[in-house]
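In what follows, a single structure is set out as C-alpha cells and then discussed.
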Number of protein chains: 2
Amino acid sequence: MGLREVKRERTRRLIADKAFELFNDNGFGRTTVEQIAAAAEVGPSTLYRYFPTKETLVLEFVEDCLGDAVSWFREQPELELTAGLQAVIERVLEQLETNPGRVRAVFDMAAQTASVSAHLNELIWRFRTDLADELVLRLPADNRAEFTGALAAGIAMNIIETVVRVWVDTPDTTDARSLARQAMSLLRTGGIPLPAATYRVSDNSGYDS
Amino acid sequence: MGLREVKRERTRRLIADKAFELFNDNGFGRTTVEQIAAAAEVGPSTLYRYFPTKETLVLEFVEDCLGDAVSWFREQPELELTAGLQAVIERVLEQLETNPGRVRAVFDMAAQTASVSAHLNELIWRFRTDLADELVLRLPADNRAEFTGALAAGIAMNIIETVVRVWVDTPDTTDARSLARQAMSLLRTGGIPLPAATYRVSDNSGYDS
DNA sequence: CAGCCATATGGTAGTCACTACCAAATTCCT
DNA sequence: AGGAATTTGGTAGTGACTACCATATGGCTG
C-alpha cells in the first residue's frame, strides 16, 4: 500500500541478504547478530523486530516453500487424496528448485550447526502437522481418520525429505520431481520393505497379539 | 568399576532428577541452570560437564530409548527386513512404555517450548538416519539402495511418532504396540492414501513426465 | 601409610542470543 | 503544517554456554 510497507519489505530483504552473505563467508556460528545488523546498517533492535531468531534468517525461504504448498492444498478441496498428495509434494519441490543454491546452503548450515538443524526439523514437523490436519478433514470421519491422516502426511513429508537430501547433493544431474515419482511408485509397488506384524519382540511382556 | 564411576553416575542421576522436578514445578523456561545446579548442590560448571545443554536434561530418556533400539537392531543382522522393522518399532515403544509419565512430560514441554521441540525433532532425525544406514547395508546393493533405505526408515519412524503422539494423550486406554500394528496393517492393506503419479501440478514447467 | 598422578570440581570472567523498555525520528492523514 | 501512529535505535539486563585455572578428591604405587 503506502511507502511504509515498501520500505519495510526493502529493509527486510536487505537484512536477510546481508545475513546470508555473512553466513556463507564466515559460517553461521562465527557470525554475530550485531555484525549482520551493522552490515545492513540497522540497529540490532530493528533486526530482531523482523526476525525473531538468528535461525529464521536462514530458513525463511524453506518455510515459505512449505507454507505455500499447504495453503495451496487447502484451496483445492475437491482434489482426490492421492492426486492431492502428489501435487503437494511436487509443489514443494518445484518451489525449492527455484533456488537450488539457497537450499543447498541451508542444508549445509544445518549439517554443521545443531540449532539450524533443529529449527529445520521444526519447520518440517509443522508442515506435516498442517498437512495432516487438512487430510483429516477429507477422510471418512471414522475413529481412525486422525491416525490415518497423520500417517499419510508423514509419508508425503518423508518422500519430500528423502528426495531433497539426494537432490541437494547433485542438483545438476537430478530432477527432484521425477525422483519423487520414483519414490511414489516404489511405495505403491511394494519396492520398500514395510514393517510386518510377524515377529514377537519379547515374550515376557504382558502384551498379547 | 571403581568408586569414581559410581559417584559420577550418582551425581548424574541427581542432577537429572532435580532438573526434572524443577521443570515440572516451574516450567522449562522459568527454570534456570543455576537453580538446577543449586538444587543438586553442584556448581554450574559441573552440571555442564554432564549435560552439554539444558535440553539434554529433559530428553536423555528418549534419546536412550531410540539409541538402544538402533544398537539392538545392529546386532541382529540375520533378521528379515520386514520383521526387523517391526521389531525396532516395538522395541522403541516398549522402552517408552517403561516410563509413560516421563514421556508425557517430555512431550508437554516440547509442545510449549520451541527449543525442546527442536531438540526432540533432532533426536528423531538422528534415529532415522542411523536406521536408514543400517537398512542400506542389508538391501541389495543397487543404485537405489540408499534411497529405499531412507524411505523405509522414514516410514518406520513415522509410525513410531504417530503412535506415540496418540499414546501420550491416552496412556491408560491405549496400547502403543497394538496401535503400531494397526498402523502397519493399514499401510500394507492400502488403508493409507498414498501419493500417486496421476496429476500434473503445472504445465508450464520444463519437466516432461 | 605416605606420596603421587589422574581426574573431578567449583569459581571467574567473558561472549552472545535475546528481551523489555524508552526516547527520537519518520511516515501518514487531515 | 500539525498531530497521531508507527518505525527506529539505543540502553540495560537476563541467561545459556565457553574457556580457563586453582583446588580437592579418588586411585594407585613404593
Side-chain angles (χ1 to χ4, degrees), chain A residues 1-16 18-20 22-23 25-60 109-110 112-120 122-123, chain B residues 1-20 22-23 25-60 109-110 112-120 122:
Chain A
M1 293 184 173
L3 175 59
R4 222 168 224 167
E5 316 215 348
V6 173
K7 211 175 170 187
R8 213 165 49 195
E9 223 45 45
R10 193 157 14 133
T11 48
R12 184 186 185 82
R13 278 272 168 85
L14 181 64
I15 293 171
K18 289 288 180 187
F20 204 72
L22 287 168
F23 290 155
D25 290 351
N26 313 333
F28 183 83
R30 277 180 299 280
T31 306
T32 71
V33 173
E34 283 188 30
Q35 286 170 17
I36 300 166
E41 290 169 323
V42 295
S45 215
T46 303
L47 187 150
Y48 276 111
R49 233 169 251 120
Y50 285 97
F51 301 94
T53 70
K54 197 180 165 189
E55 283 78 27
T56 55
L57 283 162
V58 180
L59 293 169
E60 199 181 39
M109 281 182 215
Q112 69 190 89
T113 306
S115 70
V116 177
S117 168
H119 200 90
L120 176 59
E122 180 71 17
L123 292 184
Chain B
M1 293 184 174
L3 175 60
R4 219 165 223 167
E5 315 215 350
V6 173
K7 209 174 170 186
R8 211 163 53 195
E9 223 43 49
R10 191 152 19 126
T11 47
R12 185 185 184 82
R13 278 274 168 85
L14 180 65
I15 293 170
D17 289 345
K18 289 289 181 187
F20 203 73
L22 286 168
F23 289 155
D25 290 351
N26 312 334
F28 183 84
R30 275 180 300 280
T31 306
T32 72
V33 174
E34 284 189 28
Q35 286 169 17
I36 300 167
E41 290 168 322
V42 295
S45 216
T46 304
L47 188 150
Y48 275 112
R49 235 171 249 118
Y50 285 98
F51 301 94
T53 70
K54 197 179 164 189
E55 285 78 25
T56 54
L57 283 162
V58 180
L59 293 169
E60 199 181 40
M109 282 182 215
Q112 69 190 82
T113 305
S115 70
V116 177
S117 167
H119 201 90
L120 175 60
E122 181 72 16

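As the structure is a prediction and not an experimental result, all values here were calculated from the model. In what follows, chains are A, B, ... by sequence order, proteins preceding strands, each numbered from 1.
Between the side chain of B:K54 and the backbone N or O of B:T31 there is at least one donor-acceptor pair closer than 3.5 Å. Between the side chain of A:T113 and the backbone N or O of A:V116, no donor-acceptor pair lies under 3.5 Å.
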Verify side chain to side chain contact (heavy atoms under 4.5 Å, CB included) between B:F28 and B:Q112, making sure each step is shown before the conclusion. CA-CA 9 Å; B:F28 183 84; B:Q112 69 190 82; over 6 Å; no
Can you check side chain to side chain contact (heavy atoms under 4.5 Å, CB included) on A:F51 and A:E60, steps first, answer last? CA-CA 9 Å; A:F51 301 94; A:E60 199 181 39; 3.8 Å; yes
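Remark: A:R13 fails to qualify as a cation-pi partner of A:Y50 under the 6.0 Å distance and 45° angle criteria applied to the six-membered ring.
For the pair B:R30 CZ and D:dA16 C1', the computed distance is 17 Å after rounding to whole Å. Per the geometry, CZ belonging to B:F51 stands 18 Å off C1' belonging to D:dT18, to the nearest Å. In this structure, B:L3 atom CG and C:dA6 atom C1' are separated by 15 Å, rounded to whole Å. The interatomic distance linking A:R12 (CZ) with D:dT8 (C1') rounds to 16 Å, in whole Å. Protein atom CD1 of B:I36 is 12 Å distant from nucleotide atom P of D:dG15, rounded to whole Å. The CZ atom of A:R8 sits 8 Å away from the P atom of D:dT8 (whole-angstrom rounding). Between B:I15 atom CD1 and C:dA8 atom P there is a gap of 13 Å when expressed in whole angstrom units. Distance, B:L47 CG to C:dA8 P: 16 Å, rounded to whole Å.
Taking both residues in full, the closest heavy atoms of A:A118 and B:H119 are given as CB-N, 4.5 Å, listed atom of the first, atom of the second, then distance.
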What string of B, S and - do you get for nucleotides 13-26 of chain C, 5' to 3', when a contact is any protein heavy atom under 4.0 Å? ---SSBB------S
